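Below: the structure, in structure tokens.
Just so it is clear, the model here is predicted, and its values are computed rather than measured.
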Amino acid sequence: IIRHRGSVVLIPVTDSGEIVLVRQYRHAIGQSVWELPAGSLKPGEDPRAAAVRECHEEIGLIPSAVERLGAFFPTPGYCDEEMTFFRATGLRVPADDDPVARQDEDEDIESKAFSVDAIRQLIVSGKMIDLKTVAGLTLIT
């Protein structure tokens with residue numbers, strides 16, 4: 001059994017209703033994947049605070065509001081990780097007095113906003129292979 005302190009998954013929604021996804025290389029499967037921004041909780045970290053931190057780190061924007069949408073155990077057969085999903089809205093560029101956010105050393109992330117219909121097309125075509133992203137879409141549509 002793999003023990004995990006939990007993670008947050010962000011559904012960043014732009015003012016125009018698009019969802020920001022990130023594309024990053026996933027070594028375990030040997031390819032780059034479009035997915036919702038996400039990250040592990042730090043020891044003792046509040047999930048809501050982690051959602052704001054991860055949004056800032058992964059897409060370079062700070063949400064003015066984060067709303068908890070639900071939580072899932074993606075691999076309960078061998079891991080106790082609980083993924084908590086948050087809708088992030090009111091996205092803004094960080095101000096000079098905001099804390100600096102840095103991606104993890106092993107991250108090379110590209111971000112892009114997609115319409116919900118475009119994400120659905122990625123799912124139907126088999127190009128969207130990240131399950132947390134597919135699950136996250138069901139929480140907002």
Side-chain angles (χ1 to χ4, degrees), residues 1-123 125-141:
I1 294 175
I2 297 172
R3 299 293 179 199
H4 194 286
R5 63 179 152 259
S7 60
V8 294
V9 181
L10 286 286
I11 305 171
V13 182
T14 67
D15 290 342
S16 62
E18 293 182 309
I19 298 170
V20 181
L21 299 180
V22 295
R23 181 176 171 87
Q24 56 185 326
Y25 182 77
R26 294 301 191 178
H27 186 71
I29 60 172
Q31 62 183 299
S32 293
V33 178
W34 282 108
E35 59 189 59
L36 289 170
S40 295
L41 295 172
K42 294 180 179 180
E45 187 176 28
D46 173 71
R48 188 172 304 279
V52 172
R53 175 182 55 75
E54 285 292 340
C55 192
H56 189 186
E57 287 176 6
E58 295 212 351
I59 68 170
L61 300 172
I62 298 175
S64 62
V66 289
E67 173 191 3
R68 186 183 186 281
L69 300 175
F72 300 102
F73 292 90
T75 51
Y78 65 88
C79 181
D80 68 352
E81 177 185 10
E82 181 177 27
M83 290 182 156
T84 304
F85 288 72
F86 290 90
R87 179 188 345 245
T89 56
L91 304 172
R92 66 172 175 83
V93 175
D96 290 340
D97 61 342
D98 284 318
V100 176
R102 290 185 175 78
Q103 293 178 356
D104 293 338
E105 286 183 24
D106 63 342
E107 290 179 321
D108 183 18
I109 298 175
E110 168 190 358
S111 64
K112 180 180 174 183
F114 290 83
S115 69
V116 172
D117 286 340
I119 295 172
R120 281 194 186 110
Q121 279 305 115
L122 290 172
I123 293 168
S125 70
K127 293 178 183 173
M128 173 61 65
I129 60 171
D130 178 65
L131 192 55
K132 75 179 175 300
T133 302
V134 175
L137 188 63
T138 68
L139 296 171
I140 61 165
T141 57

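- Heavy-atom minimum distance, A50 versus L41: CB-CD2, 3.4 Å.
- For F85, the ring pair (Phe, Tyr, Trp, His ring centres under 6.0 Å) partners at least two apart in sequence or on another chain are F72.
- Atom CD1 of I11 is separated from atom CG of L139 by 5.5 Å, given to the nearest 0.5 angstrom.
- Pairs passing the salt bridge (Lys or Arg N to Asp or Glu O under 4.0 Å) check and including a residue from residues 64-74, sequence neighbours excluded, read E67-R87.
- Within the model, atoms CD1 of I119 and CD1 of I19 stand 4.0 Å from one another, a figure rounded to the nearest 0.5 Å.
- L10 has its side chain out of reach of L36: every pair of non-hydrogen atoms, C-beta onward, lies at least 4.5 Å apart.
- Taking the side-chain hydrogen bond (donor to acceptor under 3.5 Å, both in side chains) definition, one finds that R120 meets it with D117, sequence neighbours left out.
- Rounding to the nearest 0.5 angstrom, the gap separating the SG atom in C79 from the NE2 atom in H4 is 6.0 Å.
- By the side-chain hydrogen bond (donor to acceptor under 3.5 Å, both in side chains) test, E18 pairs with no residue at all, sequence neighbours left out.
- Judged as a side-chain hydrogen bond (donor to acceptor under 3.5 Å, both in side chains), and not counting sequence neighbours, the contacts of S16 are T14.
- Partners of P74 by side chain to side chain contact (heavy atoms under 4.5 Å, CB included), not counting sequence neighbours, listed by chain and number: E81, M83.
- L61 pairs by the side chain to side chain contact (heavy atoms under 4.5 Å, CB included) definition with I59, L91, V93, not counting sequence neighbours.
- Contact annotation: the side chain of P63 approaches that of V52 to within less than 4.5 Å [non-hydrogen atoms, C-beta and beyond].
- Scanning all heavy atoms of the two residues, the minimum distance from R53 to S40 falls at NH2-O, 3.2 Å.
- For D80, the side-chain hydrogen bond (donor to acceptor under 3.5 Å, both in side chains) criterion is met by R3, not counting sequence neighbours.
- Applying the side chain to side chain contact (heavy atoms under 4.5 Å, CB included) criterion to A118, with sequence neighbours excluded, gives F114, S115.
- Among all heavy-atom pairs drawn from A51 and V66, the shortest one is CB-CG1, 4.4 Å.
- With rounding to the nearest 0.5 Å, the separation of CH2 in W34 from CD in E110 is 4.0 Å.
- Put simply, the side chain of P43 reaches to within 4.5 Å of the side chain of R5, judged on heavy atoms.
- Taking I29 as the reference, R26, Q31, V33, I129 meet the side chain to side chain contact (heavy atoms under 4.5 Å, CB included) condition, with sequence neighbours excluded.
- For the pair L21 and M128, the minimum side-chain heavy-atom distance is below 4.5 Å.
- Sorted by first and then second residue, the salt bridge (Lys or Arg N to Asp or Glu O under 4.0 Å) pairs involving residues 127-141 (not counting sequence neighbours) are E35-K132, D130-K132.
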